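Reviewing the structure listed below.
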Amino acid sequence: MAGGLVALLDDVAALARLAAASIDDVGAATGKATAKAAGVVIDDTAVTPQYVRGLAAERELPIVKRIAIGSLRNKLIIILPIALLLSQFLPWLLTPILMVGGAYLSYEAVHKIWGALSGHVAHDHEEDGPRDEDTVVAGAVRTDLILSAEIMVIALDTIASEGFWSRLIILAVVAVVITVVVYGVVGLIVKMDDIGLRLADTSSGIAQTVGRGLVRGMPKVMSVLSVVGTAAMLWVGGHILLVGIDELGFHPLYDLVHHAEEAVHGVGGIGGVLAWIVNTLFSALLGLLVGSIVVAVLAGIARLRGRRSGSVGAEH
């Protein structure tokens with residue numbers, strides 16, 4: 001009897017160790033998947049605050065909360081089931097889907113760069129007059145659907161070798177963690193100037209100085225965040241394309257980057273950093289090239305449609 005009890009306890013202990021190891025594996029894979037999607041997360045964080053511009057200060061956080069709920073719904077109800085089905089039954093589709101997403105990220109980055117250089121910066125979220133909250137939230141959630149899909153597919157590609165239930169748990173955790181982090185940061189960003197104003201008006205000494213610094217500094221922070229988000233899109237989009245091209249069978253481009261990394265990897269003390277810089281630079285250049293091509297093609301299509309519309313108008 002005692003021997004049976006000891007054996008049972010040994011089995012329970014073994015199961016507990018196995019469960020703990022599984023949790024550790026899931027945690028490690030979740031961290032890896034989340035880190036791989038960091039570039040898109042940065043852009044998501046940079047884009048979202050623009051949706052609450054021009055709205056009453058007391059409505060900013062409620063709207064951010066509504067967008068966050070919509071984002072979580074996008075990830076868990078729409079994207080997660082589709083991604084799992086693809087990985088289970090059509091895993092070969094993940095690379096082309098990732099590459100489409102990489103091309104989209106590259107296009108978005110180049111479009112922003114071109115808008116900044118040409119002076120034709122879009123003001124989609126700065127309409128005159130009061131803005132309908134439902135319209136604002138719906139537009140933000142639609143944009144989030146694209147970014148969230150890219151985040152989830154990147155994360156899924158990172159854990160493609162895991163079992164079905166592990167993939168399900170990891171992706172669900174990634175969805176929740178990224179949503180909480182992104183919209184927590186967004187909420188802090190959109191209220192930072194209000195915090196600064198309150199400190200400047202109601203405090204004295206160091207606190208007042210900090211408040212004034214926040215009020216003056218937040219526009220610069222937003223500008224820097226926008227630049228970082230654009231650079232991250234070029235880097236992530238280009239890296240997705242670089243790896244995808246190699247996985248589809250065309251190896252020279254990836255081999256070129258790999259050899260360049262190896263050439264600098266031996267530099268004492270900073271070889272690893274230099275290798276990362278080389279990979280990032282090549283990826284960003286590839287993203288810039290592909291994004292420029294997509295922008296040029298879409299601009300040509302738009303001009304062609306404009307000419308056809310003008311011809312039809314002239315006939316009538």
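Source: prediction; values computed, not measured.
No continuous path of ILVMFWY side-chain contacts below 4.5 Å connects I113 to V227, so the two sit in separate hydrophobic clusters. Under the 4.5 Å side-chain contact rule for hydrophobic residues, M233 and L281 do not share a cluster. Cluster membership for V100 and I78, using ILVMFWY side-chain heavy atoms within less than 4.5 angstrom, is not shared. In this structure, L256 is a member of the same hydrophobic cluster as V243, with clusters built from ILVMFWY side-chain heavy atoms closer than 4.5 Å. Linking Ile, Leu, Val, Met, Phe, Trp and Tyr whenever their side-chain heavy atoms come within less than 4.5 Å leaves L285 and I293 in two separate clusters.
Atom CD1 of I206 has 12 or fewer heavy atoms from other residues, nucleotides or ligands within 6.0 Å.
A donor-acceptor pair is defined here as one N or O able to donate and one able to accept, closer than 3.5 Å; such a pair exists between the side chain of N74 and the backbone of V141. Side-chain atoms of S148 never come within 3.5 Å of backbone atoms of L145 as a donor-acceptor pair (strictly under, hydrogens ignored). Side-chain N or O atoms of S71 include none that pairs as donor or acceptor with a backbone N or O of I67 at under 3.5 Å.
Annotation: side chain of L248 is in contact with side chain of T95 (closest heavy-atom distance under 4.5 Å). At least one side-chain heavy atom of D134 sits less than 4.5 Å from a side-chain heavy atom of R66. Side-chain contact between L168 and L80 is present, with at least one heavy-atom pair separated by less than 4.5 Å. Within the 4.5 Å cutoff, the side chain of V176 has heavy atoms near those of the L72 side chain. At a threshold of 4.5 Å between non-hydrogen side-chain atoms, the residues M152 and L156 do not count as touching. Two residues are said to be in side-chain contact when any heavy atoms from C-beta on lie closer than 4.5 Å; V257 and L286 fail this criterion.
Using cut-offs of 30° and 60° on the angle between ring planes, the pair H258 and Y254 is parallel.
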Problem set entry | I245/M99 under side-chain contact (heavy atoms from CB on, under 4.5 Å): CA gap, chis, key distance, verdict | CA-CA 8 Å; I245 291 170; M99 293 181 70; 3.7 Å; yes

For this session: Show the numbers, then the answer: is there a side-chain contact (heavy atoms from CB on, under 4.5 Å) between V110 and L288?
Result: CA-CA 6 Å; V110 172; L288 183 64; 3.9 Å; yes

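From L76, atom CG reaches atom OG1 of T179 across 7.0 Å, with rounding to the nearest 0.5 Å. Rounded to the nearest 0.5 Å, atoms CH2 (W165) and CD1 (I170) are 13.5 Å apart. With rounding to the nearest 0.5 angstrom, the CD1 atom of I277 is 11.0 Å from the CG atom of N279. Atoms CG and CG, from L98 and L93 in turn, are 11.0 Å apart once rounded to the nearest 0.5 Å. From H111, atom NE2 reaches atom CG of L298 across 8.5 Å, with rounding to the nearest 0.5 Å.
Heavy-atom minimum distance, S87 versus L84: OG-O, 2.9 Å. Residues Y183 and V64 share a closest heavy-atom pair of O-CG1, 3.8 Å. Considering every non-hydrogen atom in both G272 and H265, the closest pair reads CA-NE2, 4.3 Å. Scanning both residues, K112 and T230, for their nearest heavy atoms gives CD-OG1, 3.6 Å. Here the closest heavy-atom approach between residue L234 and residue S106 is recorded as CD2-O, 4.3 Å. Across W235 and S283, no two heavy atoms sit closer than the pair O-CB, 3.6 Å.
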